[in-house]
2 protein chains.
Amino acid sequence: MSYENLNNRQREILEYIESKKTASYLELESKFDVSNMTIRRDIDFLAQEELVIKTLGGAQLAKSINDVYESPVANRLSINGAEKKAIAIEASNYIEPGEIIYLDGSSTCLELAKKIAEQSKALTIVTNSLLIHMELARSSNISIVSLGGQYDPVSCCLTGPNTEEHAHKYFVKKAFFSTKGFSPSVGTFESSAETFRIKQILASHCDEVILLADHTKFGQKSLCKVFDISQIHTVITDSGLDNDNRVVLEANVAKVITAQLKESVANF
Amino acid sequence: MSYENLNNRQREILEYIESKKTASYLELESKFDVSNMTIRRDIDFLAQEELVIKTLGGAQLAKSINDVYESPVANRLSINGAEKKAIAIEASNYIEPGEIIYLDGSSTCLELAKKIAEQSKALTIVTNSLLIHMELARSSNISIVSLGGQYDPVSCCLTGPNTEEHAHKYFVKKAFFSTKGFSPSVGTFESSAETFRIKQILASHCDEVILLADHTKFGQKSLCKVFDISQIHTVITDSGLDNDNRVVLEANVAKVITAQLKESVANF
DNA sequence: TGACGAATGTTAAAATTCAACACAAAAATG
DNA sequence: CATTTTTGTGTTGAATTTTAACATTCGTCA
């Protein structure tokens, strides 16, 4: 599922298919100047990973929720997929039936939304992410509240002043956020200011601010600081976190939950 | 695309593939007791309609925007599909580049949204329908504004007091509505009061109220009246409308646009 | 009835897939 | 440093699948 399994050629083949929606073996053969069999094996692999679908003389894009999912957010999904999934499982277990929850529009929260939709807890979920809304809409036990506003095609989220105003109306028990970068002594960082205010509003309208941050986020800083470390009640991370960061983290936030990663990211 | 093109066997094959996600020609051959070639041609047709994807020895489900689309609204799409498509084409031609538009959450407006997404007019579109939002999100020329609020899984729309409050903020040039029933002397009717207010608010916040009503809607009344005939500026209907209704309609609304139905619903 | 068109069945040629083996380069081992 | 092992790639031909062309059946309508 995650891109790190792919070698260069496979990655390029996937990108090519992503751009053209479909490609023939012949086409790819000459484009990459390798034998038919090699392309064939690459496609076999990509098909196993469910990234493409094999057709007669070639392959086409698989993406189950086609167009909307071809968003940058969806692509980001594949990065550190195992960590995000593990964190999403821990996070979903941390949610009690009946609770009112906010999910922000990050790829990690999208994973969490998938887990939530699979379970059948009765929940009320507030979100400004179209992708999360779509995932949750599959489950009949979930009452969904969307913050309206201007749609941002890059993040697949609703943003802008009207979203912010709408956000002021809602109060939730647990608010889940992800982040671009996280310093366990300083706080969280984002590269754009787009969703800055919405995150701030919801953080001040909840009982518990929960940060989902896999170990690769630690130490990364970015353009603007969103949350001060003192605002964060709970952090859910994965077992890949090094000890130095863990010590600082545990000193600065009230609760740390660690999702256990399986040793190998097995492809069955 | 719409189910009425399909014969019984094709419909059953599709249902079978929908339930099993994938099927082989062999499997289908014996299941329907026809020759390999017949199944093959059925699958070819279903693949042309983009309902399934051909794979080596069979086919698998295509469903582009998977699960959410299995909603009651999406199913309603297939009813009078030809009429709705024809009306949607007329309606999309009636929209000028740069305009600000409202689309309500009906199946006819969803068809219109598809047509709009296919074209590349730069538009700003306000909607409270998740399905319409998803369709429009495919096009990069469209600025989408979502009315937030409580998600209603039956209609796939956002409703409730917060949606209404949000709706008060927006003013559009043309507002497109559909309806459950329509009397050309009285007005429009809905069977539920859910979206009543939102429709009313937008109708009072636009320059032009446009009703999309295929000929089957005429004469149908229902639980509650939404628009008085005097509120409606323009009606787009199809050529299947009988003369009596047409005379009354033209006497009561300023503009009537008629979408021409093709005699046969040809498969190319 | 019989001519017509649409849907289905039959067949064989063409194309594609697949599995087995061959080979070379890179990595691991002693 | 030579060697074994592993990994990735190429080649081949048999097996399978697809395709196109033609044959047949069925129902409809003059």
Side-chain angles (χ1 to χ4, degrees), chain A residues 1-17 20-62 78 82 263-268, chain B residues 1-18 20-62 78 81-82 261-268:
Chain A
M1 215 73 74
S2 46
Y3 282 33
E4 54 254 46
N5 297 332
L6 275 54
N7 67 28
N8 276 344
R9 180 160 25 75
Q10 289 166 341
R11 197 186 309 263
E12 282 179 58
I13 290 172
L14 180 58
E15 277 166 21
Y16 184 75
I17 296 176
K20 304 246 301 175
K21 308 291 173 205
T22 172
S24 72
Y25 292 129
L26 226 73
E27 207 176 335
L28 295 166
E29 232 172 280
S30 64
K31 192 168 172 60
F32 293 94
D33 201 32
V34 288
S35 75
N36 179 285
M37 258 293 121
T38 299
I39 292 293
R40 207 161 213 100
R41 285 188 268 245
D42 287 342
I43 294 290
D44 275 0
F45 182 73
L46 293 174
Q48 270 204 332
E49 301 284 293
E50 295 185 33
L51 295 165
V52 303
I53 292 169
K54 292 211 282 181
T55 58
L56 225 195
Q60 72 175 70
L61 203 57
S78 28
E263 268 312 300
S264 66
V265 184
N267 299 326
F268 317 25
Chain B
M1 217 72 75
S2 47
Y3 284 30
E4 57 255 48
N5 296 333
L6 277 53
N7 67 30
N8 275 342
R9 179 157 28 72
Q10 288 166 341
R11 196 186 308 264
E12 282 179 59
I13 289 171
L14 180 57
E15 278 166 20
Y16 183 75
I17 296 176
E18 276 179 338
K20 305 245 301 176
K21 306 292 172 205
T22 172
S24 72
Y25 292 127
L26 225 74
E27 206 177 334
L28 295 166
E29 230 172 281
S30 65
K31 190 167 172 62
F32 292 94
D33 201 33
V34 288
S35 76
N36 180 286
M37 258 293 118
T38 300
I39 291 294
R40 210 161 210 102
R41 284 188 269 245
D42 286 342
I43 294 290
D44 275 0
F45 182 73
L46 293 174
Q48 270 205 330
E49 300 285 293
E50 295 184 30
L51 295 164
V52 303
I53 292 169
K54 291 211 284 181
T55 57
L56 226 190
Q60 73 175 67
L61 201 58
S78 29
L261 287 176
K262 290 168 199 75
E263 269 311 300
S264 65
V265 184
N267 301 328
F268 319 27

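Given the structure is predicted, the values throughout are model-derived calculations rather than measurements. Naming convention: chains lettered A, B, ... in sequence-line order (proteins, then strands); numbering from 1 in each chain.
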Using a cut-off of 4.0 Å between protein heavy atoms and nucleotide atoms, how would you tag nucleotides 6-12 of chain C 5' to 3' with B, S and -?
-> --BBB--

Given dT16(C), is OP1 or OP2 found less than 4.0 Å from the side-chain N or O atoms of K54(B)?
-> no

Whole-Å distance separating the CZ atom of F45(A) from the C1' atom of dG8(D) = 14 Å

Mind calculating the distance between CZ (R40(A)) and P (dG10(D)) to the nearest angstrom?
-> 14 Å

Just how far is it from atom [atom1] of [X] to atom [atom2] of [Y], taken to the nearest 0.5 Å?
X	Y	atom1	atom2	answer
E12(B)	I17(B)	CD	CD1	12.0 Å
F32(B)	Y16(B)	CZ	OH	8.0 Å
R41(B)	N36(B)	CZ	CG	9.5 Å

Qualifying residues under side chain to side chain donor-acceptor pair (under 3.5 Å), relative to T38(B), sequence neighbours excluded | S35(B)

Under 3.5 Å donor-acceptor pairs involving side-chain atoms of residues 51-61 of chain B, not counting sequence neighbours:
residue: K54(B); atom: NZ; partner: D44(B); partner atom: OD1; Å: 2.8
residue: T55(B); atom: OG1; partner: G58(B); partner atom: O; Å: 3.3

Sorted by number, the residues of residues 23-30 of chain A with heavy-atom contact under 4.0 Å to DNA chain D = none

May I have all residue pairs that pass salt bridge (Lys or Arg N to Asp or Glu O under 4.0 Å) and include part of residues 26-35 of chain A, sequence neighbours excluded?
-> K20(A)-E27(A)

Contacts of R9(B) that satisfy salt bridge (charged side-chain N to carboxylate O under 4.0 Å, His left out) - sequence neighbours left out = D42(B)

